[in-house]
Amino acid sequence: MMIINGPNLNLLGVREPGIYGSSSFEDYLPKLRAQYPDVELDYYQSNIEGELINKLQEVGFTYDGVAINAGAYTHTSIALLDCIRSLKCPVVEVHISNVHQREEYRHHSMISAGCKGVICGFGLDSYRLAIEAMIHNA
């Protein structure tokens, strides 16, 4: 399975810790891998929309699933939606914060319509929940 993080998520642990927590994704990933020793978990992060699309196209036909936190592109990118819809593997949209408790513009996702499901509001544990969903609902 692949975990893909979008713009500014490379700053987890530094950026707005009151919203996103104080742990970096690089600190969290080994713990997540330890919880799923039989699942190969790959990770990719980019701040660039086209690179996210390239990675989705690279893995979306061979991997068992993708958990994507597209960051702000969630709310703006029809290109990501079109890409997700073209993939063979399931994609789960992930958000660390509960986007529905935040600014109005974060309440609408452009990519949800192409995803198998959406998980938000559980901090970094949202990624674990996405992996569980893909394992049990593949």
Side-chain angles (χ1 to χ4, degrees):
M1 290 188 198
M2 172 65 75
I3 297 169
I4 297 178
N5 275 340
N8 299 309
L9 291 163
N10 56 308
L11 298 177
L12 286 175
V14 176
R15 174 188 176 215
E16 300 179 89
I19 295 173
Y20 299 105
S22 57
S23 177
S24 72
F25 199 82
E26 288 73 14
D27 290 339
Y28 174 69
L29 187 57
K31 297 171 191 170
L32 192 58
R33 285 180 171 145
Q35 286 183 289
Y36 300 96
D38 297 331
V39 177
E40 185 177 334
L41 291 176
D42 293 327
Y43 174 63
Y44 180 79
Q45 189 279 327
S46 178
N47 294 318
I48 301 169
E49 183 180 31
E51 290 181 3
L52 296 172
I53 291 168
N54 287 342
K55 182 55 75 171
L56 283 164
Q57 290 178 358
E58 176 187 324
V59 303
F61 297 94
T62 56
Y63 277 55
D64 294 328
V66 173
I68 185 168
N69 184 339
Y73 289 135
T74 299
H75 317 291
T76 63
S77 182
I78 295 168
L80 277 172
L81 170 62
D82 288 347
C83 178
I84 290 167
R85 282 183 165 161
S86 72
L87 305 179
K88 289 190 177 180
C89 75
V91 177
V92 175
E93 179 181 338
V94 174
H95 299 284
I96 296 166
S97 67
N98 182 345
V99 294
H100 302 288
Q101 292 179 336
R102 299 186 61 197
E103 302 92 342
E104 183 72 29
Y105 65 86
R106 295 185 195 272
H107 296 183
H108 180 72
S109 168
M110 297 301 292
I111 68 170
S112 290
C115 293
K116 183 161 182 86
V118 179
I119 298 172
C120 70
F122 296 98
L124 291 176
D125 202 37
S126 295
Y127 294 93
R128 181 192 61 79
L129 295 169
I131 291 165
E132 283 287 328
M134 287 187 284
I135 289 171
H136 298 295
N137 297 295

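If you read the sequence from its start, that first residue is 1, and numbering goes on from there. Atoms considered below: every heavy atom in the structure, side chains included; atoms not considered: hydrogens, waters and symmetry mates. What you are looking at is a predicted structure, and each value in this text was computed from that prediction instead of being measured.
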Report whether [X] and [Y] are members of the same hydrophobic cluster (ILVMFWY, side-chain heavy atoms less than 4.5 Å apart, transitive linking).
| X | Y | answer |
| --- | --- | --- |
| V118 | V92 | no |
| I131 | L56 | no |
| L29 | M1 | yes |
| I53 | Y73 | yes |
| V66 | F25 | no |

Going from [atom1] on [X] to [atom2] on [Y], what distance comes out if it is rounded to the nearest 0.5 angstrom?
| X | Y | atom1 | atom2 | value |
| --- | --- | --- | --- | --- |
| Y36 | K31 | OH | NZ | 15.0 Å |
| L81 | T76 | CG | OG1 | 11.5 Å |
| I68 | H95 | CD1 | NE2 | 9.5 Å |
| L52 | S77 | CG | OG | 8.5 Å |
| Y127 | Q35 | OH | CD | 14.5 Å |
| I111 | D82 | CD1 | CG | 12.0 Å |

Set of residues satisfying side chain to side chain donor-acceptor pair (under 3.5 Å) with respect to Y28, sequence neighbours excluded: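 Y28 satisfies side chain to side chain donor-acceptor pair (under 3.5 Å) with no residue once adjacent residues are dropped.
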Please name the residue in the list L80, T74, I78 that meets the side chain to side chain contact (heavy atoms under 4.5 Å, CB included) test with M110. I78
If you take all heavy atoms of [X] and [Y], which pair is closest and at what distance?
| X | Y | answer |
| --- | --- | --- |
| R85 | A113 | NH2-CB, 3.4 Å |
| E49 | A79 | OE2-CB, 3.9 Å |
| L41 | R33 | O-NH2, 2.8 Å |
| L9 | G71 | CD1-N, 4.3 Å |
| M2 | V59 | CE-CG1, 3.8 Å |
| A70 | P7 | O-CD, 3.4 Å |

Checking N47 side chain against N8 main chain: does a donor-acceptor pair fall under 3.5 Å?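 Yes.
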Begin from the C-alpha positions of L32 and I3 and carry the test side chain to side chain contact (heavy atoms under 4.5 Å, CB included) through to its verdict. CA-CA 11 Å; L32 192 58; I3 297 169; 3.6 Å; yes
A side-chain contact here means heavy atoms from C-beta on lying under 4.5 Å apart; do R128 and F122 qualify? no
Heavy atoms of other groups near E132 CD, more than 12 under 6.0 Å: yes
Would S126 and I119 satisfy side chain to side chain contact (heavy atoms under 4.5 Å, CB included), going step by step from the backbone distance to the final call? CA-CA 6 Å; S126 295; I119 298 172; 4.0 Å; yes
Passes side chain to side chain contact (heavy atoms under 4.5 Å, CB included), E93 versus S109? Steps please. CA-CA 9 Å; E93 179 181 338; S109 168; 3.1 Å; yes
For Y44 and N5, what are the C-alpha separation, side-chain angles and deciding distance, and is it a side chain to side chain contact (heavy atoms under 4.5 Å, CB included)? CA-CA 6 Å; Y44 180 79; N5 275 340; over 6 Å; no
